[in-house]
Amino acid sequence: MLEQKYRWKNKEIREQVSIINGKIAPTIILKNARFLHTMLRKWITAHIWIHQDRIIYVGEELPEKTKNSEIIDCSGFTLVPGYIEPHVHPFQLYNPQSFARYAAQTGTTTLINDNLVLFLKLQKKKAFSIINELNQSPVTMYWWSRYDSQTELKGEEVIFTNEDIKSWLENDQVVQGGELTGWPKLQDGDDLMLHWIQETKRLGKKVEGHLPGASERTLARMKLFGVDSDHEAMTGEEVYNRLMHGYTVSLRHSSIRPDLPKLLQEMQELNIDQYDSLMYTTDGSTPGFYQDGVMDKLIRIAIDNGVPVIDAYRMATHNIASHYNLLHHHGMIATGRIANINILSNELDPTPISVLSKGQWVKKDGIELEIHDEVNWSEFGLQPLQLDWDIEQSDMQFSMPFGIEMVNAVITKPYSIKIDLGLETLPAESEENFFMLLDVKGKWRINTLLKGFANGVSGFASSFSNTGDIILIGKSKPDMMAAFKRMKEIGGGIVLVENGKVIHEIPLPLAGIMSDRKMEDLMVEEQRLKDLLVERGYSFGDPIYSLLFFTATHLPYIRITQQGMYDVMNKTVLFPTLMR
């Protein structure tokens, strides 16, 4: 398998050229292939020669040598480049490998991944070893380098060090800095963050923003700081404003923001008919969102909403590769590119019948082909949680004057607490639950109330959170403790308890954050959890994202963090965590 960023060795290049010279045979020949040439913006019929993982030739000729070549007559089919997902959070219960395998089945053969969990959970050497290991997969994985944690960590200055950020930025598999959730600090004068952005640009890499609701002045400031793209446009007007300032815009369609149809309709109303600076993203959605596809799903939405067919495909291929300076390897079917090719029944159905990824069949004639690329996660330090501490009765003391109220799945605001916090079990008719964040190492805690999550939840524990710390929620302190006990026994995960009995659990044996199960299995487990929570009063769209964002300070208004109860708008710790 090729080394980082497809630097073929001299011997390999000579062998590829010898195929053109008629001396040896390619490994695969796709005859009579009607394909999308994304640069010419045309459907062209030609023969495509592939050797190992590279396209060797595209044109009217067939190779002189064909012994042992696999020859596929593509008459009656349509071929397009493998799709690219430019903004992946590959830790939303699933792991990078399980998501990549699943995505490939629907034609998404290249992922650009968030490094946050690897950055926070592993030493740099082990993190780089994992991304090298994952690079052996047929699915291509690139990465971002975060500049900040999107929460308030204890000792963040010794975690996000200049040395480590620069090492990530210099890694060949890292293609951008960001997403820039900490841009308010940049705007307020954080010159170290500006230095990292400058380093990113010096290395010829992109910077991605995270600019929800940004004004035109903010967009202008961020562009001057070096931000190249943004995925937070929620209206057609916000798309227009970003394009006006020269941004590449990712049109988002995700489990918490399924915006693509609305965005496309509003863009058309504004007469935006240029798509070269646009791309799509599913923005790290939770497992169930992907039941009907990944990038193929978004292409279909675009076609159904009047986007010209060629542009609909380019936004998932050519445009993304061009933005990230990867067009010499990705985003088009042409000589010298990686052999990532989707074979479709026709151009109006973007879900492929067969998929070539790095020249390897991962799906053929509608059948998934087995890939032997298992990662030994524990070897790299991602293993079940081993908590050497327990919750004591003294931890279940609540005295906070105000709690946290959910506005929607991810936005929270403060409210005044007016009920007796000394109860073992809150009244059934109350909208509130006890709410705790505990240090995964057992050193501190913060206790308050949570309104609006699900008033029928008795005991709930989760090691899945933005920081990897432990979340406890529930009406009953004994059931919360029971949920914690079971979560600890299974080495991390999500556990729901009622009347002392576990009624559902999702084990997350990879650092308490990720499952090691297939996406299809995880979808069933997640849906069961969602159904149970909805039955108990959860009224929003995505409980997994609620768990993730309780500690995330890039959204308003109030959060629980490792530092304590945090006022996002005023950047202030209102109540510090308590040492245990």
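The chain is numbered in sequence order, starting from 1.
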Any carboxylate oxygen within less than 4.0 angstrom of a Lys/Arg side-chain nitrogen, looking at [X] and [Y]?
X    : Y    : value
R146 : E179 : yes
R528 : E525 : no
D292 : R300 : no
R252 : D230 : no
K530 : D542 : no

Centroid-to-centroid, [X] to [Y], below 6.0 Å?
X    : Y    : result
F575 : Y566 : no
Y538 : F453 : yes
Y102 : Y94  : no
H330 : H328 : no

Polar side-chain atom of [X] near backbone of [Y] as donor-acceptor pair, under 3.5 Å:
X    : Y    : answer
Y247 : K223 : yes
D296 : V294 : yes
E405 : S416 : no
Q274 : D276 : yes
D190 : M193 : yes
T106 : P352 : no
N113 : W144 : no
K201 : G226 : yes
N340 : S357 : no
T448 : F435 : no

Assess, by modelled atom type and distance only, whether the side chains of [X] and [Y] contain a donor and an acceptor separated by less than 3.5 Å.
X    : Y    : result
E85  : T110 : no
S250 : H231 : no
Y545 : Q92  : yes
S285 : T282 : no
Q562 : D469 : yes
W143 : D114 : no
T181 : D148 : yes

Requested in this report: Walk me through it: do L120 and L153 pass the test side chain to side chain contact (heavy atoms under 4.5 Å, CB included)?
Outcome: CA-CA 10 Å; L120 294 179; L153 296 178; 3.8 Å; yes
Requested in this report: Not counting sequence neighbours, list each pair that qualifies as a ring-ring contact (aromatic ring centres under 6.0 Å, His included) and has a residue in residues 279-307.
Outcome: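 Applying ring-ring contact (aromatic ring centres under 6.0 Å, His included) to every pair that reaches into residues 279-307, excluding sequence neighbours, yields F99-Y290, H253-F289.
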Taking side-chain contact (heavy atoms from CB on, under 4.5 Å) as the test, write out the residues that go with [X], two or more places apart.
X    : value
A127 : L118, L122, W168
K206 : Q176, D228, H323, Y324, N325
E238 : A233, M234, T235, R242

What I'd like to find out is whether the side chain of [X] reaches to under 4.5 Å of the side chain of [Y], using heavy atoms alone.
X    : Y    : value
W196 : S145 : no
I84  : T108 : no
T317 : M332 : no

Nearest 0.5 Å, what's the [atom1]-[atom2] distance between [X] and [Y]?
X    : Y    : atom1 : atom2 : answer
W43  : I310 : CH2   : CD1   : 6.0 Å
E266 : D259 : CD    : CG    : 9.0 Å
I299 : E347 : CD1   : CD    : 12.5 Å
H89  : T286 : NE2   : OG1   : 12.0 Å
I446 : Q563 : CD1   : CD    : 10.5 Å
D304 : L264 : CG    : CG    : 10.5 Å

Requested in this report: Quick one: do V307 and M315 satisfy side chain to side chain contact (heavy atoms under 4.5 Å, CB included)? Show the steps, please.
Outcome: CA-CA 10 Å; V307 174; M315 285 194 283; 3.9 Å; yes
Query raised in the report: When M565 is tested against each of V573, T577, I404 for side chain to side chain contact (heavy atoms under 4.5 Å, CB included), which residue passes?
Result: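 The option that passes is I404.
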Side-chain donor-acceptor distances from residues 549-558 under 3.5 Å, at least two apart:
unit_1 : atom_1 : unit_2 : atom_2 : d
T553   : OG1    : Q150   : O      : 3.4
T553   : OG1    : T151   : N      : 3.4

Report task. Check side-chain hydrogen bond (donor to acceptor under 3.5 Å, both in side chains) between K185 and all other residues, then give those that pass, not counting sequence neighbours. Result -> none
